Amino acid sequence: MLNFAYQEHIKTYYSDTANIHLEFTNLSQNQTADVCIIGAGFTGLSTALELAEQGKSVIVLDGARVGFGASGRSGGQAINGFEEGIESYIKELGLEKTRKIWDMSLEALDIIQERIKKYNIQCDWQQGYATLALNERRMEELVLSEKVARDIFDYKHSQIWDKNQLKQHLNSDVYCGALYDSLSGHLHPLNYCLGLAKACQDLGVQIYEHSPVVDLDVGTSKITVKTDKATVVAKDVVLATNAYISELSDRIHFGIAKKILPVESFIVATEPLEQNVVDSIINNGMSVCDSNYLLNYYRISADNRLLFGSDSSTNVDMIAKMRSNMLKVFPHLENVKINYGWGGPIDMTLNSAPHFGRIKPNLYFAQGFSGHGVALTGLAGRIISEAICGNDERLAIFEQLKVPSVFGGKLVKKAALFVGVRYYRFLDKFC
Ligand SMILES: Cc1cc2nc3c(=O)[nH]c(=O)nc-3n(C[C@H](O)[C@H](O)[C@H](O)COP(=O)(O)OP(=O)(O)OC[C@H]3O[C@@H](n4cnc5c(N)ncnc54)[C@H](O)[C@@H]3O)c2cc1C
């Protein structure tokens with residue numbers, strides 16, 4: 001049995017502050033639908049919502065709970081663009097298509113705000129985000145990204161801040177500057193995910209929890225999706241299983257698991273802080289990531305906690321490690337208590353390019369969001385839904401992006417991750 005299956009949400013700051021309580025039964029009887037979606041995170045629910053808005057009948061199956069995966073426990077930062085700077089796509093796609101995917105990355109942020117408004121999702125959405133440079137070399141990269149976005153794509157929502165400008169908003173001495181973006185933002189990811197599920201439910205989407213998919217029977221006009229108790233027969237199927245794809249058999253993923261190298265990431269949430277302490281950390285409500293490969297990311301929650309996350313290769317004494325990372329940035333928080341700590345796998349690809357597409361004409365997938373999934377999952381849902389409804393123009397652009405495979409089984413992936421993490425540490429220290 002898949003090892004995540006049948007589990008409940010892990011305990012996090014988010015699970016303790018969830019504002020909607022939804023329970024769905026497991027799939028116990030055979031069903032049919034236009035589309036069956038495997039995975040009830042942002043990707044699966046966004047796709048379901050778009051399809052339901054188009055009048056399709058949709059069934060969503062999750063092996064655990066709605067929002068059990070990365071979507072319900074992430075840093076909640078919705079960031080424009082892609083993990084690699086947009087300039088890196090021009091060579092591969094040409095200018096016109098790069099412009100299209102840049103515009104789509106901005107649409108991803110609009111989608112969040114549209115849905116919050118349309119479905120009245122209470123998830124503490126707050127705009128403002130900065131990428132922080134830890135050294136001059138990284139600062140030069142940020143300056144180049146801002147210039148490309150402004151000069152080539154006429155983007156006017158970001159600004160370069162030098163050390164002094166950054167210090168007016170973020171009280172740490174470790175950074176030499178930042179790229180601030182006013183369109184990006186952050187939210188309570190579990191409440192956003194539950195809000196999407198509620199919107200889906202209201203539009204007639206059938207959601208089943210505790211229903212791990214164990215096999216697929218792919219025909220040309222229909223696919224049979226099998227759980228251990230019952231089946232769904234659908235014209236189209238979407239794999240929205242994210243970093244858990246490696247847990248599935250080849251019969252389900254047809255080899256696309258080789259594109260994903262899950263990187264563990266951890267977050268701690270402090271106790272609620274007095275407003276003067278909050279202002280001594282970040283005083284303008286923005287969320288931030290530093291520009292390391294193994295990065296720190298943090299923000300203030302709606303109830304004034306510092307949510308501080310870091311990518312890592314180990315989960316040994318994770319809370320102590322996160323606390324020490326936090327104190328390197330904000331030494332004055334020495335006496336602040338940590339109330340929560342949790343982690344999960346981030347769906348990285350080797351070159352950080354998103355991996356969306358089709359395995360067969362009726363079998364779709366979206367994965368490899370590489371740290372930009374809070375925003376890009378909504379876009380993935382929209383363009384997969386467009387393709388299912390007959391217009392695959394935008395999905396086809398993403399299908400052109402080359403995503404290298406990690407060859408070998410789980411052991412090789414572990415070894416690749418081990419080497420990769422050390423390689424990234426080397427880059428972070430010396431480059
Ligand atoms: C600690 C952490 C911090 C992060 N911070 C950020 C951030 O700040 N900003 C950002 O953009 N991204 C962040 N990410 C990444 C982001 O959360 C993900 O890219 C995004 O949530 C992916 O959504 P998803 O729906 O594709 O996957 P998930 O939310 O992981 O959903 C996949 C679902 O599939 C289900 N599933 C898997 N296999 C099966 C099966 N066989 N049968 C049935 N169901 C199955 C799982 O139970 C799960 O619910 C973070 C991730 C982590 C773990």
Side-chain angles (χ1 to χ4, degrees), residues 1-7 9-10 12 14 26-27 36-48 60-80 82-83 108-109 112 129 184-187 189-190 192-193 196-197 208-216 225-228 238-249 252-253 257 260 262-268 287-289 295 297-299 307 309-312 318 322 341-348 354-356 365-378 380-381:
M1 188 56 64
L2 304 167
N3 62 15
F4 67 88
Y6 300 109
Q7 290 193 25
H9 293 124
I10 59 166
T12 64
Y14 304 128
N26 68 346
L27 182 79
C36 177
I37 295 168
I38 307 170
F42 294 149
T43 305
L45 295 168
S46 297
T47 316
V60 180
L61 302 172
D62 201 286
R65 304 290 309 275
V66 165
F68 163 82
S71 301
R73 45 177 119 167
S74 82
Q77 304 197 10
I79 308 167
N80 69 353
F82 303 90
E83 182 64 7
L109 296 170
I112 292 177
Y129 162 79
S184 305
H186 57 98
L187 46 68
L190 184 58
Y192 180 58
C193 198
L196 292 178
Y208 295 95
E209 296 181 313
H210 305 299
S211 302
V213 171
V214 293
D215 201 5
L216 290 184
V225 180
K226 299 178 185 172
T227 70
D228 52 358
V238 182
L239 293 175
T241 52
N242 188 37
Y244 301 95
I245 189 105
S246 314
E247 307 291 329
L248 311 184
S249 77
I252 302 180
H253 67 66
I260 300 298
V263 172
E264 286 296 318
S265 199
F266 297 100
I267 301 177
V268 287
S287 61
V288 299
C289 288
L295 48 80
Y297 51 96
Y298 48 93
R299 66 190 180 91
L307 305 188
S310 304
D311 298 340
S312 177
M318 175 269 288
M322 291 300 108
W342 67 92
I346 299 201
D347 48 317
M348 298 299 294
H355 188 219
F356 310 163
F365 65 87
Q367 59 178 15
F369 298 99
S370 301
H372 280 237
V374 171
L376 290 179
T377 44

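The structure displayed is predicted, hence computed values, not measured ones. Counting starts at 1 for both ligands and their atoms, in listed order.
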To which of [options] does the heavy atom nearest [atom] belong?
| atom | options | answer |
| --- | --- | --- |
| atom 52 (C) of ligand 1 | L196, L307, I346 | I346 |
| atom 32 (C) of ligand 1 | G69, G41, A240 | A240 |
| atom 53 (C) of ligand 1 | A375, G368, G344 | G344 |
| atom 14 (N) of ligand 1 | S74, G72, P189 | S74 |

Does an N or O anywhere in [X] fall below 3.5 Å from an N or O of ligand 1?
| X | value |
| --- | --- |
| G63 | yes |
| V374 | yes |
| V213 | yes |
| A78 | no |
| S265 | no |
| Q77 | yes |
| R73 | no |
| G44 | no |
| D62 | yes |

Within a distance under 4.0 Å of any heavy atom of [X], pick out the atoms of ligand 1 and give their elements.
| X | answer |
| --- | --- |
| G373 | 10 (C), 11 (O), 12 (N), 19 (O) |
| P212 | 42 (N), 43 (C) |
| D347 | 18 (C), 19 (O) |
| F68 | 47 (O) |
| L61 | 43 (C), 44 (N) |
| G76 | 7 (C), 8 (O) |
| H372 | 11 (O) |
| P345 | 53 (C) |

Validation row: [X], [Y] side chains within 4.5 angstrom (heavy atoms):
| X | Y | value |
| --- | --- | --- |
| T43 | F356 | no |
| R73 | F68 | yes |
| I38 | L216 | yes |
| I260 | P262 | yes |
| F42 | C193 | yes |
| T241 | H253 | no |
| L376 | F82 | yes |

For ligand 1, is any non-hydrogen atom under 4.0 Å from [X]'s backbone (N, CA, C, O), its side chain (CB onward), both, or neither?
| X | value |
| --- | --- |
| Y244 | side chain |
| L248 | side chain |
| Y297 | side chain |

Taking all atoms of both residues into account, what is the closest heavy-atom pair of [X] and [Y], and its distance?
| X | Y | result |
| --- | --- | --- |
| V66 | E209 | N-OE2, 2.8 Å |
| V268 | M322 | CG1-CB, 3.5 Å |
| C289 | Y297 | SG-CB, 3.6 Å |
| L196 | S46 | CD1-OG, 4.0 Å |
| G72 | Y14 | O-CD1, 3.5 Å |
| L187 | R299 | O-NH2, 3.0 Å |

Looking at ligand 1, does G371 have a heavy atom less than 4.0 Å from it?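 So G371 counts as touching ligand 1.
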
Is there a heavy atom of I79 sitting under 4.0 angstrom from any atom of ligand 1?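 Not so, I79 does not reach ligand 1.
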
Got a sec, which residues hit side-chain hydrogen bond (donor to acceptor under 3.5 Å, both in side chains) with H210, two or more places apart in sequence or on another chain?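 Once residues adjacent in sequence are excluded, H210 has no partner under the side-chain hydrogen bond (donor to acceptor under 3.5 Å, both in side chains) criterion.
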
Pair H9-L190, side-chain contact (heavy atoms from CB on, under 4.5 Å): steps then yes or no: CA-CA 10 Å; H9 293 124; L190 184 58; 4.2 Å; yes

